[in-house]
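Have a look at the structure below before the remarks.
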Amino acid sequence: MALNKQPYRGTRDFFPKDKRVRDYLFSVMTKTAESFGYESYDGPLLEEVELYKAKSGEELINEQIYSFVDRGERLVAIRPEMTPTLARMVAQVHREQSKPLRWFSIPNLMRYEKPQRGRVREHWQLNCDVFGAPGRMGEVEILQVAVELFENYGANNTHFEILLNDRAIVDAVFKSMMKTTDEQTYRLYKIVDKAKKVNEEGLKKMVGEVGLDSAAENIFYSYLQLKNFDDVKTFLTNNGQQEIADLFNNFVEQTKKTGLNEYLTYDPTIVRGLDYYTGIVFEIFDKHPDNRRALCGGGAYANLLQIFNEDQLSGVGFGLGDVTLKDFLEVHNLLPNLEIPVNDVLITFQEDDGLDASLKLARSLRKKDLKVVTSLDALKFKKVFPTAEKKGVRFVTLMGSDEMAKNQIQLKNLATKEQHSLDLNDLESILKIIKA
Ligand code: HAM
């Protein structure tokens, strides 16, 4: 029986033209992260399942994790997210590092999900995280990095928005105002996380099952009605939560000074599905009606290092996936055309005995940092230009019997159609034309 040529469900083969797109996405990510002084790191593909059990949340552990027992009887997972690995690594070295510590990575992650538009089983995710920043300045900077990244792809506030919330607010509403137990609080978080995906009836059913009294239910539904930063301020102030209101307000004022406010909207349903978040949480959404989905998610996590018995060191960061990003750039026509590769020169010869001279020329040009493709075999004249087009070169060299007799090449600029007869050994003149 013949084997299946398709990749494993929910994973992708990256053929050269797909890989060019991925390389482009990654190059802008790297350039943006480095422009803020973030340092690149990486970790292992496998981690012990325990690492995720501590704080990642039940959905990830019960439904999405790829796990197996290794030959040494350890329960191992393929990383479904990077934050626990990052926290584990930071826990090893944070004492010797100056703060704030700024790191980024673009790992591939595996989650057992139902493949659909924007959701696959293996995706790559830019992670940018800061540890030990003063006050909420790490949050402000992380949002700036995310915005700058989208702007570097050519996007602006007509294309995307940042929906933001604060887990301190949600905690105040649930625990202080509604007087929920820990169990009820946890369940309400999960409900809020799903609130936009279910209809009113579904929501009421889920809330009914939590066992709240009617006063608490009313507070809960009023909370879900909050639409903007002023609403939430008034709601908190009127309900005796002045301190939380002021803290959040100060943060919002700071984002205004940094020019982020044109992107920010308050959204009570943003709480994030992962359990480690403790403060500001956000998701970046595509505004295009065909692609209304989260492009990026993140937030602040104050206590993650404590699972390694380390002192508190608060972190904040985001993860941004390659699949939704590519969909986003496509629907907004922001993806450059990467159908063909980009090279400088195609070196061809039309008679069999031109091989050695052409390989020698190619070698010399590569030493001058040019991308040089050789034909490796005599190439008929009529095939030269179609080949050049496929290889994405700007120049071709030709060497027929006339040129060979004179030790020359023809160098042709494909854009201007200019053609020069040049001595094969006159590297200086050849380079001058190519690099002009
Ligand atoms: P997350 O919200 O689970 O956060 O994932 C972040 C982003 O990764 C999503 O917004 C989406 O773009 C992409 N993503 C997640 N799962 C899939 C999937 N199955 N298929 C395609 N894309 C996907 C985290 O993972 C946090 N650890 C992020 C973080 C970093 N928080 C702080 N630092």
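Remember, it's 1-based here, ligands and their atoms both numbered in the order they're listed. We count residues from 1, following the sequence as given. The figures here come from the full heavy-atom set of this structure, side chains too, leaving out hydrogens, waters and symmetry mates.
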How would you list all residue pairs meeting side chain to side chain donor-acceptor pair (under 3.5 Å) that involve residues 290-315, not counting sequence neighbours?
His94-Glu310, Arg95-Glu310, Arg117-Asn291, Asp129-Tyr301, Glu161-Arg292, Asp286-Asn291, Asn291-Arg293, Asn303-Gln312
Is there a donor-acceptor pair closer than 3.5 Å between any side-chain N or O of Asp193 and the backbone N or O of Tyr189?
no
Under the salt bridge (charged side-chain N to carboxylate O under 4.0 Å, His left out) test, which residues partner Arg22, sequence neighbours left out?
none
Quick one: ligand 1 N/O to protein N/O pairs below 3.5 Å?
unit_1, atom_1, unit_2, atom_2, d
ligand 1, 2 (O), Arg272, NH1, 2.9
ligand 1, 2 (O), Arg272, NH2, 2.9
ligand 1, 3 (O), Arg111, NH1, 2.9
ligand 1, 3 (O), Arg111, NH2, 3.0
ligand 1, 4 (O), Arg272, NH2, 2.9
ligand 1, 5 (O), Gln125, NE2, 3.1
ligand 1, 8 (O), Gln125, NE2, 2.9
ligand 1, 10 (O), Cys296, N, 3.4
ligand 1, 12 (O), Leu295, O, 3.1
ligand 1, 12 (O), Gly321, N, 3.3
ligand 1, 12 (O), Thr324, OG1, 3.0
ligand 1, 14 (N), His123, NE2, 3.3
ligand 1, 16 (N), Arg111, NH1, 3.3
ligand 1, 16 (N), Arg119, NH1, 2.8
ligand 1, 19 (N), Glu113, OE2, 2.6
ligand 1, 19 (N), Val120, O, 2.9
ligand 1, 20 (N), Val120, N, 3.1
ligand 1, 25 (O), Arg111, NH2, 2.9
ligand 1, 25 (O), Gln125, NE2, 3.3
ligand 1, 27 (N), Glu81, OE1, 2.6
ligand 1, 27 (N), Thr83, OG1, 2.7
ligand 1, 27 (N), Tyr276, OH, 2.9
ligand 1, 31 (N), Tyr277, OH, 2.7
ligand 1, 33 (N), Asp129, OD2, 2.8
ligand 1, 33 (N), Phe318, N, 3.4

Check this for me: does any side-chain nitrogen of one of Lys190 and Asp275 sit under 4.0 Å from a carboxylate oxygen of the other?
yes
Could you pull out the closest heavy-atom pair between Gly154 and His159, with the gap in Å?
O-CE1, 4.1 Å
List the residues meeting side-chain hydrogen bond (donor to acceptor under 3.5 Å, both in side chains) with Asn199, not counting sequence neighbours, and say none if there are none.
none
